[in-house]
Amino acid sequence: MVLASPIPTNHQLTTKLIGILLISLPHTLNYKMDYQFKDIEQKWQQFWADHQTFKAEDNSTKPKYYVLDMFPYPSGAGLHVGHPLGYIASDIFARYKRLKGFNVLHPMGYDSFGLPAEQYAIQTGQHPAITTETNIATYRRQLDQIGFSFDWSREVRTSSPDYYKWTQWIFMQLFNSWYNKAIEKAEPISVLVKHFEQHGSGGINAVCDEEVLNFSATEWRAMSHDEQQAELLKYRLTYLRESTVNWCPALGTVLANDEVKDGFSERGGYPVEQKKMMQWSMRITAYAERLLQGLDTIDWPEPLKEMQKNWIGKSTGASVRFPIAAPPKPSPEGRALEVSPTGGDLEGAYIEVFTTRVDTIFGVTFVVLAPEHELVKELTTPEQQGAIDAYITQTKKKSELDRMADTKTVSGAFTGSYVLNPLNGEKIQLWIADYVLAGYGTGAVMAVPSGDQRDYLFAKHFDLPIVPIMDIQKIETEADPTKEGRYINSDFINGLFYTEGTKAVIAKLEEIGAGKAKVNFRMRDAIFGRQRYWGEPVPVYFKDGLPHLIEENELPLVLPEVDKYLPTESGEPPLGRAENWNYNPAPSKSPPVGETSSSHLAGNYRETADPVYYEQLKDFSRDNRNQPTEAENFLWQLLRNEQTGFKIRRQHAIGQYIADFVSLQKGLIIELDGHHHKLNKEADDARTEVLNHLGFKVIRFINDEVLSNPQKVANDIKQKLEVLPDRKKVSPTGGDLEGASEAYAYELSTMPGWAGSSWYWYRYMDAHNDSEFASKKAVEYWKDVDLYIGGSEHATGHLLYSRFWNKFMKDMNLVVEEEPFKKLINQGMIQGRSNFVYRVTTFDANETPSHYYLSKKQWDRYNDPLESAGALFEEWGFPIKSSYATYSAPIHVDVNIVNNDVLDIEKFRNWRGEFANAILILEDGSISSPTGGGREGAYICGVEIEKMSKSKFNVVNPDDLIARYGADTLRMYEMFLGPLEQSKPWNTNGIEGVFKFLRKFWRLFHNDQWVFTVSDAEPSKAELKSLHKIIRKVEEDVERFSFNTSVSSFMIAVNELTDLKCNNKAILQDLVIILSSYAPHICEELWTLLGNEAGALSYASYPKFNGTYLIEDEFAYPISINGKTKMNLSISLSLDAAATEAIVLANADVLRYLDGKSPKKVIVVKGRIVNMVV
RNA sequence: GCUCAGAUGGUGGAACUGGUAGACACGCAGGACUUAAAAUCCUGUUCCCGUAAACGGAGUGCGGGUUCGAUUCCCGCUCUGAGUACCA
């Protein structure tokens, strides 16, 4: 680097030689000694990397400060200007904190498991790991050139086995834990087991499944191992359960709620349906209350907290049981009894509802069940069967989308049954309606039409009674949910007010055992799995249909290779394709014998990817078994009871088929075919192929063969079984394919995207530890994140799950803080700013189209109803027949060929073939055509704010901006754009101003010949004032994350110092330190030019503010009359209010404004204002 | 529908606890330098009337209110953005 040159560049000579070439390269050639951002930035980025300048210390006497960014998913598109916004802010903050004497941890990594890489893999066959690697390289290059002060030695990648080993480990801790409500804390499952062994299930207050067993200690000990495990699974913090999920058939995967938009997948836009599926879930609901309470202890943006509050959705109320009234009496002929679907005994049965207004219970005039409610079938009377069936069918047809859109129509059906009001025994009609959701509360509501608008409409529509319960209720036209007034029509609470009434009702309900106060949460347990390849494998295998953890020392369970990244033919997730994706227990740990036969449990937890279908199959199998064909029956007598030496099952579901007979151990399927086999050959072959794929051999016999000589057939089968090896690949597909081999099938789904990101901030504390997720020492030193910056789109995903895992880890004494992110800032989204050209197409008599592109103003005229298109085209010189139609449309144009909304016409013509010969009607009405013609005027494009996306041609790439202006300019410009939290459109237009600022700053240190020149003279008062103003301003601004205002202040400071012709070393050096967190490269360069040690700038001390330099003797008071400023008057600040007032009132100009009137009142605020009331 | 955030020149925005609205920057207009262009520098730039100018009036989404004084506080409304949804 040449620091200075006494010889000025002969730029005239250069200009003459290179001529016109210079136009495109003004900065680099013309000003040889000017601010050379390219060299400077490369030099210092290299220096920082070489010297590990930003490596955080793990033990330091300095106070710690942890600045974290939400790590990115490395997408193939690379960074656009929106991405680094938050990173720049956090980097400025991190650098500032270093200057303030903190030991700063500022790491970066990648959330590198995710769908796009997998989608790409599906399309191209490219392994997602490779795509991810490539994308990370791009991200790293782009991040590096922005000059972030990341400690790259701590980089993490969620997709790296070193990392996900610990994600899996935490999963195992969750599996091995339960939530003890008695102490509001998670505990090891061993504690629970101990309790069961000693006391049975009594006295346990746990967060668990609804259907847990009640048992004594003796009963517990009498249970088989599998039975115990099945029971424990109902308590574990991560557990399997059948959940309704958003299933996307096209993607072959389950989507999170926020990945579904209006019934379609966010990625790809494929239809999504609701489906029941066995899924891993996380018992986040255990932490609902703590997640809610914790919000009060953290410094997060209010809207974000609000979102989490709403998501958790706590409502305080009561659960009430409405006993079912005696079922309708059978009719004399006894037919009702015969066809009654109830079958069972409804004695003592009840409908449980949750309500937030239990005080309104005497206003209940009907009860509504969700159509999916489990008791609907039993409670429908024969008379109503038709109506109910029709309604359920109609509901099923409605997609989620329809249900959402249709909030006006009232629909429902009467079941014919009644329930009783538990407090007064009144008979109440029981209805079903789809406005009641099965998934919320108990799937039933008590309807109070006088107080709830939805119930009100329902009652009006079906002509049900509406009973007022408050003396001041007004219910003529709509429901009135008031809590004011006294109760009426309400039995023993008549005359009471809301608070006592509610208390009295709850007390009574508890007394008679019909209800109790209850807190309900909207939040559901989080589904923890996706039917995808590119994610963390779940460290679980299945034995006898029950999940078991692998050993801790076997972690990580590395993601296996697969031939394709698609679901298997049988609908299993891609891991179903992996060779030998089975758990082989270590030899020392022989699998317990005698545990393979608990078939009643087997299959409870492993289902096919399509459980609904599987249930049907099981029904078919049962029917088939009960009605065997003659041949089947014959053969079964010879195969049953292991007569062949092997266990044979009949009518057993395998994948999507039912095998007539099967040996799961040998993988042999025996099929009996009737005469129709020939007709069905194609279908049967396909079936054989699929079964082969699942690891089964198929042999077929004709029914006649069996009937004529069953013994021969049995022998054939026996021989076959003896020669076949044990089936290697255990497909977890079937319901009860247990114990077929010593290898146990691993879980096939992988963890969801949020798994890896739910604890990553701890890994940065000790990124290379391979014996712990992070050492205790590191965790105790760094504790938590002091400042977390990221987008609000993660409000109810990542940020909620992270808090959940953190609380769990705290319970397990793995970490020390209850909340992981003390302070959080949401950076606003950077929106795209699209440019448009406006095309108008006319057609001549032969229907041949001609295209014209109208500049903004002409387009506006064209759309003005007062103008006529014919006249306009006449004016432009293209007369058209007005009778012919025209067609017009705005067209996106690449923002990179538009400058300040002026289209670069040459570039436009070259952009795409269709525009090469375009006729442009310019702003002034002149014409630009490829053959020449007036090109004087400009083409002005239209503007619209939209999402930044490739398809809208509005993506601005930071690489281009860095190439043109440098990273320091980009950093400052991104901050200059506006408040960090605010969403705003990206507009490159203002970037020149920031670039000019940096050049001006550079110039302060250089003379006219660009020679580095600073003076050692005493700083002047004015210089010190400028300096100390900026010292304080930046301190204040950074502390309140108002980065845009400090950029302005820097500009003001540099403008002032330029006016003062300041080149004072003391002043400039302090300025370099202050500016260094914003524009680190230029400052490092100037820092060394000033004679300081290279690299020491990052750890210099922030200059100390001295207020005495800012004290003013005088202040130019604004003098206002009735609040309107009229003039300014300089008055000494040493004077008190009365003296100031006297000076003002004596001033000639003031008197002129007063126009002879004397003010009624004079307000003097010292150093602020003088106001006179006239 | 509900919840939250926001609305200031041609544009991005500033005004931090009520005290000179429009800082800073872009753009635009005019000028200097230059054969010319680029770059750089200087001047002006909220709107309206008038005008060379002084000066006058209006003005922070709309309508009210509190106050000596309101972009800032209060009430009502309009619009925009985000989140969420037959949530019992």
Roughly how far apart, to the nearest Å, are [N] and [M] at atom [atom1]?
N: B:U34; M: B:C41; atom1: C1'; result: 13 Å
N: B:G19; M: B:A29; atom1: P; result: 37 Å
N: B:A14; M: B:A23; atom1: P; result: 13 Å
N: B:C75; M: B:C68; atom1: C1'; result: 23 Å
N: B:C28; M: B:A21; atom1: P; result: 30 Å
N: B:G50; M: B:G56; atom1: C1'; result: 9 Å
N: B:U71; M: B:U20; atom1: C1'; result: 14 Å
N: B:U45; M: B:C26; atom1: C1'; result: 13 Å

Tell me the partner of [N], counting only Watson-Crick (N1-N3 plus N6-O4 or O6-N4) or G-U wobble (N1-O2 and O6-N3) with both under 3.5 Å; none if nothing fits.
N: B:G10; value: B:C26
N: B:U67; value: none
N: B:A39; value: none
N: B:U46; value: B:A58
N: B:U72; value: none
N: B:U84; value: B:G1

**Asked** Under the rule syn = chi within 90° of 0, otherwise anti, which is B:G9?
**Response** syn

Output the rounded distance in Å from [atom1] ([X]) to [atom2] ([N]).
X: A:Tyr35; N: B:A39; atom1: OH; atom2: P; result: 18 Å
X: A:Phe1115; N: B:G19; atom1: CZ; atom2: P; result: 12 Å
X: A:Phe521; N: B:U84; atom1: CZ; atom2: P; result: 20 Å
X: A:Asp1059; N: B:C24; atom1: CG; atom2: P; result: 11 Å
X: A:Asn310; N: B:C4; atom1: CG; atom2: P; result: 9 Å
X: A:His1006; N: B:U40; atom1: NE2; atom2: C1'; result: 17 Å
X: A:Lys1000; N: B:C24; atom1: NZ; atom2: P; result: 10 Å
X: A:Leu457; N: B:A88; atom1: CG; atom2: P; result: 16 Å

Check every atom of [options] against the side chain of [X] and return the nucleotide holding the closest atom.
X: A:Ile1169; options: B:C87, B:G19, B:C24; value: B:G19
X: A:Val1173; options: B:G19, B:C68, B:U40; value: B:C68
X: A:Lys996; options: B:U40, B:G83, B:C86; value: B:U40
X: A:Pro1118; options: B:A88, B:U20, B:C26; value: B:U20
X: A:Ile1163; options: B:U84, B:A88, B:C68; value: B:C68
X: A:Met307; options: B:U3, B:G83, B:C86; value: B:G83
X: A:Val445; options: B:U20, B:C24, B:A88; value: B:A88
X: A:Val1165; options: B:G19, B:A25, B:A88; value: B:G19

**Asked** Can you name the nearest heavy-atom pair linking A:Ile351 to A:His373, along with the distance?
**Response** CD1-CE1, 4.5 Å

**Message:** Can you give me the closest heavy-atom contact between A:Pro422 and A:Ala514, atom names plus distance?
**Reply:** CB-CB, 3.7 Å

Listed partners of [X] passing side chain to side chain contact (heavy atoms under 4.5 Å, CB included), at least two apart:
X: A:Pro979; answer: A:Glu981, A:Gln982, A:Asn1044
X: A:Ser315; answer: A:Phe354, A:Thr356, A:Tyr440, A:Asn520
X: A:Ala526; answer: A:Met282, A:Ile284, A:Trp754, A:Tyr801
X: A:Ala318; answer: A:Val358, A:Ile506

**Request:** Assess the side chains of A:Tyr435 and A:Asp455: does a donor N or O sit below 3.5 Å from an acceptor N or O?
**Result:** yes

**Asked** For A:Glu1056, what residues pass the side-chain hydrogen bond (donor to acceptor under 3.5 Å, both in side chains) criterion, not counting sequence neighbours?
**Response** A:Ser1026, A:Lys1029

**Request:** Hey, which sits more toward the 5' end of RNA chain B by its nearest nucleotide, A:Asp455 or A:Ile1052?
**Result:** A:Ile1052

**Asked** So does A:Asn1055 get a side-chain nitrogen or oxygen closer than 4.0 Å to the phosphate oxygens (OP1/OP2) of B:A25?
**Response** yes

**Message:** When you measure from the side-chain N and O atoms of A:Arg454 to the phosphate of B:C87, is any distance below 4.0 Å, counting only OP1 and OP2?
**Reply:** yes

**Complete:** For nucleotides 5-16 of chain B, 5' to 3', base contacts (B), sugar-phosphate-only contacts (S) and non-contacts (-) with protein non-hydrogen atoms under 4.0 Å give -------BSSSB

**Item:** Donor-acceptor under 3.5 Å (A:Tyr973 side chain, A:Gly990 main chain)
**Value:** yes

**Prompt:** Under 3.5 Å, side chain of A:Lys1166 to main-chain N/O of A:Leu1133, donor-acceptor pair present?
**Reply:** yes

**Donor/acceptor link under 3.5 angstrom from A:Asn1171 side chain onto base of B:C68** = yes

**Request:** Could you tell me whether A:Asp452 contacts a base, only the sugar-phosphate backbone, or nothing, with contacts defined as non-hydrogen atoms closer than 4.0 Å?
**Result:** nothing

**Message:** Heavy atoms only, 4.0 Å cut-off, all strands: where does A:Arg524 land among base, sugar-phosphate and nothing?
**Reply:** nothing

